[in-house]
Protein chains: 2
Amino acid sequence: MARAATTTDVFNAIAEAQRRAILDVLAGGERPVGAIVDELAITQPQVSKHLRVLSEVGLVQCRAAGRRHLYRVNPTRLRPVVDWLSRYEHLWNERLDRLDDYLGELQRDGSHEDHRPQGAP
Amino acid sequence: MARAATTTDVFNAIAEAQRRAILDVLAGGERPVGAIVDELAITQPQVSKHLRVLSEVGLVQCRAAGRRHLYRVNPTRLRPVVDWLSRYEHLWNERLDRLDDYLGELQRDGSHEDHRPQGAP
DNA sequence: ACATCATATGCTCATATCGGAATCTATCTT
DNA sequence: AAGATAGATTCCGATATGAGCATATGATGT
């Protein structure tokens with residue numbers, strides 16, 4: 001056997017730095033492919049292929065809008081990674097810092113606001 | 001270029017399921033190679049090779065004790081992954097659950113006990 | 001219908017991989 | 001010293017990869 005397929009699981013999908021970069025762009029809101037191509041220095045076919053991988057593991061979702069395909073990140077699929085990491089977080093001592101972050105966030109927005117539809121300037 | 005080397009960064013190193021399994025074993029404490037071989041169903045050479053990869057990215061450290069090599073996990077090296085994930089955690093609505101986990105942990109340790117919000121089943 | 005824009009797919013290539021089997025090195029035991 | 005034990009390393013083969021480039025698909029506007 002060679003290395004596991006990138007579409008095997010989320011761990012393999014996010015192993016590639018460019019795929020993480022794409023997700024980072026999409027974390028700013030729904031974007032067409034071209035916007036990713038412009039923002040990162042990757043060719044359009046590469047972006048499309050990476051989006052395909054991300055899509056197959058469910059990390060992004062697509063919506064057709066005219067001749068454009070709008071991609072958005074689906075962060076819930078990162079859960080296996082978060083869960084796995086949670087076994088190790090307690091091994092180093094930053095619970096308090098992280099707790100403080102969460103408390104701060106909680107206090108700041110106070111409500112359950114969820115899908116901010118991209119405040120495009 | 002082919003896929004990035006597994007030793008490129010932590011993301012690539014933990015992409016392989018067996019390597020994560022090895023780390024999981026080591027999360028239970030320092031272990032010799034043979035203990036990993038016994039606990040997981042992997043051949044000794046494979047375990048050694050995986051340990052080498054994990055070692056090169058700093059996820060494990062080795063200590064020689066006689067003819068045995070005791071490995072232990074170095075969880076601080078998971079930090080890049082945690083940091084990257086933190087950009088996405090706020091995008092899904094589990095702050096409260098996670099907060100509760102942290103609060104629970106905290107209460108068990110005994111420090112900071114007055115941050116507990118009311119209710120929270 | 002046609003030209004154009006936005007995206008997806010197909011191909012080829014070089015490369016790093018994981019697994020298996022054999023072997024080497026270092027240390028302990030008798 | 002000889003043998004046994006614990007790990008590490010090397011060689012091999014099969015495979016999936018990411019990049020580049022050309023091309024196909026599909027929607028828009030005129």
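Quick note on labels: first sequence line is chain A, next is B, and so on, each numbered from 1. The figures here come from the full heavy-atom set of this structure, side chains too, leaving out hydrogens, waters and symmetry mates.
Counting to the nearest Å, the C1' atom of dA16(D) and the CD atom of Glu16(A) are 12 Å from each other. Distance CG (Asn12(A)) to C1' (dT17(D)): 11 Å, rounded to an integer number of Å. dA21(C) atom P lies 15 Å from atom CD1 of Ile42(B), rounded to whole Å. As a whole-Å value, the separation of Gln46(A) CD from dT9(C) P is 14 Å. Spacing between atom CZ of Arg52(A) and atom C1' of dA19(D) amounts to 17 Å, rounded to whole angstrom units. Atom CD1 in Ile36(B) sits roughly 14 Å away from atom C1' in dA8(D) (whole-Å rounding). The distance from atom CG of Leu70(B) to atom C1' of dG7(D) is 12 Å, rounded to the nearest whole Å. Taking atom CZ of residue Arg67(A) and atom C1' of nucleotide dT25(D), one finds them 14 Å apart after rounding to whole Å.
Counting atom types as modelled, Lys49(A) pairs a side-chain N or O with a base atom of dG20(D) as donor and acceptor under 3.5 Å. A donor N or O paired with an acceptor N or O is found under 3.5 Å between the base of dA8(D) and the side-chain atoms of Gln44(B).
Residues Val57(A) and Thr6(A) share a closest heavy-atom pair of CG1-O, 4.2 Å.
Comparing Ser48(A) and Arg3(A) along DNA chain C, the residue whose closest nucleotide (by nearest heavy atom) sits nearer the 5' end is Ser48(A). Between His50(A) and Ala65(A), the one whose closest nucleotide on DNA chain D sits nearer the 5' end is His50(A). Comparing Val33(A) and Met1(A) along DNA chain C, the residue whose closest nucleotide (by nearest heavy atom) sits nearer the 5' end is Val33(A).
Salt bridge absent: Arg19(B) and Asp24(B) never bring a charged side-chain N and a carboxylate O closer than 4.0 Å.
In this structure the side chain of Gln18(B) never reaches within 4.5 angstrom of the side chain of Leu40(B), judged on heavy atoms. When side chains are defined from C-beta on, Ile14(A) counts as touching Val81(A), because their heavy atoms get closer than 4.5 Å. Inter-residue side-chain proximity for Asn12(B) and Phe11(A) is flagged as unmet; no heavy-atom pair is nearer than 4.5 Å.
Pro32(B) comes within 4.0 angstrom of the backbone, heavy atoms only, and of no base.
For the OP1/OP2 pair of dA8(C) and a distance below 4.0 Å, the side-chain nitrogens and oxygens of His69(A) include at least one atom meeting the criterion. Side-chain N/O atoms of Tyr71(B) include one lying less than 4.0 angstrom from OP1 or OP2 on dA8(D). Between Arg19(B) and dC18(C) there is a side-chain N or O to OP1 or OP2 distance below 4.0 Å.
You'll find that the side chain of Arg68(B) is closest to dA6(D), out of dT17(D), dA6(D), dC18(C).
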